[in-house]
Amino acid sequence: MKVNGTHYRSLWWNAQDDVLEIIDQRSLPYEFITQQVKTLEDFEDAIVEMRVRGAPLIGATAAYGMALALKLDASDAHMDAAWERLNETRPTAINLRWALNRCREAMRPLPEAERAAAALQLAHDIADEDVEICRQIGEHGLKLIREIAAKKPAGEPVRLLTHCNAGWIATVDWGTATSPMYHAHDAGIPLHVWVDETRPRNQGALTSWELGSHGVPHTYVTDNAGGHLMQHGQVDMVIVGTDRTTRRGDVCNKIGTYLKALAAHDNGVPFYVALPSPTIDWTVDDGVAEIPIEERSPRETTHIQGTMEDGSIGVVQVTPEGTPGGNPAFDVTPNRLVTGLITERGVCEATPEGLAALFPEMAGA
Ligand SMILES: CSC[C@H]1O[C@H](OP(=O)(O)O)[C@H](O)[C@@H]1O
């Protein structure tokens, strides 16, 4: 999407320097900083430290990481070692494992001399595919928003709520949850988006940065405001992203998503999940029991980053010295609380049958 009028993807290949470039999201929304990712350690750091974040973007980044590894040493042993190192970076988003497996399975049969170029091309393909998948999610989500708009007086905005950042910077472009918003805004449908702050890393500020840059009206609210807004009829639809959705439609997403789903269910508010197919884990049924939930540093909860009075980026401690912090980074929303899944192939129920109908080649695998 555009940043100050210039189109960007969240990562891109710098052919002149033969290196991957990323937007360093640790500096957003305060500063727009790009970074070259040159070594495998750089790739690991970018994912672990969330310079790149969001399930699809993590997957695309990992694909470029494998390409670099094979450029350095195209042997099976080095490919497997790189697979292990990149797979260890973050445990929950399935796109990481999906991209690593897709690369390794494609490279294994090739002669070593062909692997580096083939892996780089595959990384480009994965990035381009993600852009198209997210665009298609936008088209299918637009239909849902248009249906709501049709029931409102002319000019009255469709009021959405979203959690975390499932935006264009969580993917290669468009975003997942935000793609329907951008498509609806561009189609002239009045919108207002309630943006959850999303502690502890405050990805809601990233969503606010994105929506503001695109001119989409929004309000940044505390994580705990969503239930109140829904109780008072202020939300027409919830759209969130996902880091891993099971074959029966259980949805793993940023911590707090489950609570939004409970509030939506209690208040009869449609709760939709924007779901690119690489984010479906076809090997898992029960998300609560089977999806590994990343436990991140307690410091992310006891401290918070922001812009200081002098304009510098600073970190302040919000708890007493020595207070222990807990930081589960995701939770799982059972499929019974999900109204529908917005995929690149259309919208389906959050059920095994719904997903199998859209992805028969995967469901039966
Ligand atoms: C389009 S996937 C976005 C997904 O990823 C985020 O997690 P994180 O910021 O920790 O990478 C969050 O769960 C979003 O919904």
Side-chain angles (χ1 to χ4, degrees), residues 1 9-11 22-26 28-29 46-62 89-96 98-99 127 129-131 133-138 141 161-182 195-207 209-210 223 238-245 251-261 271-281 287 291-297 300-301 305 327-333 338 341-344:
M1 300 300 283
R9 286 183 170 187
S10 48
L11 57 68
I22 62 172
I23 296 170
D24 182 346
Q25 298 188 35
R26 288 187 60 100
L28 289 177
I47 298 171
V48 168
E49 296 304 323
M50 297 171 64
R51 299 181 190 283
V52 294
R53 42 150 300 280
L57 185 60
I58 291 170
T61 304
T89 52
R90 295 187 74 188
T92 302
I94 192 62
N95 308 61
L96 174 60
W98 169 84
E129 288 167 14
D130 180 69
V131 174
I133 285 171
C134 290
R135 188 194 65 77
Q136 291 170 335
I137 286 174
L161 183 140
T162 194
H163 189 64
C164 199
N165 172 257
W168 72 266
I169 55 173
T171 67
V172 179
D173 207 344
W174 285 113
T176 58
T178 59
S179 188
M181 299 175 196
Y182 295 133
V195 177
D196 284 348
E197 63 177 335
T198 313
R199 286 283 288 138
R201 289 292 294 267
N202 289 67
Q203 287 95 327
L206 301 181
T207 299
W209 176 79
E210 281 198 26
D223 282 327
V238 177
I239 305 181
V240 298
T242 176
D243 295 85
R244 186 184 310 209
T245 290
V251 172
C252 181
N253 196 50
K254 181 55 53 191
I255 192 79
T257 303
Y258 172 45
L259 295 178
K260 297 298 171 299
F271 183 91
Y272 281 90
V273 178
L275 171 63
S277 59
T279 311
I280 302 170
D281 184 346
I291 295 176
I293 301 298
E294 180 182 15
E295 184 75 27
R296 291 186 63 88
S297 164
E300 291 186 350
T301 56
Q305 175 179 279
N327 189 9
F330 301 94
D331 60 26
V332 176
T333 298
V338 179
L341 301 170
I342 309 170
T343 79
E344 66 270 26

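Counting starts at 1 for both ligands and their atoms, in listed order. Please read these numbers as outputs of a predicted model, since none were measured by experiment.
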K.L.:
Grab the two heavy atoms, one from W168 and one from T178, that are nearest each other, plus how far apart they are.
P.N.:
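Closest approach of W168 to T178, heavy atoms only: N-OG1, 3.7 Å.
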K.L.:
Apply side-chain hydrogen bond (donor to acceptor under 3.5 Å, both in side chains) to T245 and list each qualifying residue two or more places apart in sequence or on a separate chain.
P.N.:
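Partners of T245 under the side-chain hydrogen bond (donor to acceptor under 3.5 Å, both in side chains) test: T242.
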K.L.:
Just how far is it from atom CG of N165 to atom CG of L206, taken to the nearest 0.5 Å?
P.N.:
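Taking CG in N165 and CG in L206, the distance rounds to 5.0 Å.
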K.L.:
Mind checking side-chain hydrogen bond (donor to acceptor under 3.5 Å, both in side chains) for T171 and listing every partner two or more places apart, or none if nothing turns up?
P.N.:
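T171 satisfies side-chain hydrogen bond (donor to acceptor under 3.5 Å, both in side chains) with no residue once adjacent residues are dropped.
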K.L.:
List of N/O pairs, ligand 1 versus protein, all under 3.5 Å?
P.N.:
residue  : atom   : partner : partner atom : Å
ligand 1 : 5 (O)  : D243    : OD2          : 3.0
ligand 1 : 9 (O)  : R53     : NE           : 2.7
ligand 1 : 9 (O)  : R53     : NH2          : 3.3
ligand 1 : 9 (O)  : Q203    : NE2          : 2.9
ligand 1 : 10 (O) : R90     : NH2          : 2.7
ligand 1 : 10 (O) : K254    : NZ           : 2.7
ligand 1 : 11 (O) : G54     : N            : 2.9
ligand 1 : 11 (O) : R90     : NH1          : 3.0
ligand 1 : 13 (O) : D243    : OD1          : 2.5
ligand 1 : 13 (O) : N253    : OD1          : 3.2
ligand 1 : 13 (O) : K254    : N            : 3.1
ligand 1 : 15 (O) : N253    : OD1          : 2.5

K.L.:
For T301, what residues pass the side chain to side chain contact (heavy atoms under 4.5 Å, CB included) criterion, not counting sequence neighbours?
P.N.:
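Counting only residues at least two positions away or on another chain, T301 forms a side chain to side chain contact (heavy atoms under 4.5 Å, CB included) with P200, N327.
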K.L.:
Hey, could you give me the CG/CG distance between D331 and L259, rounded to the nearest 0.5 Å?
P.N.:
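Result: 6.5 Å between the selected atoms.
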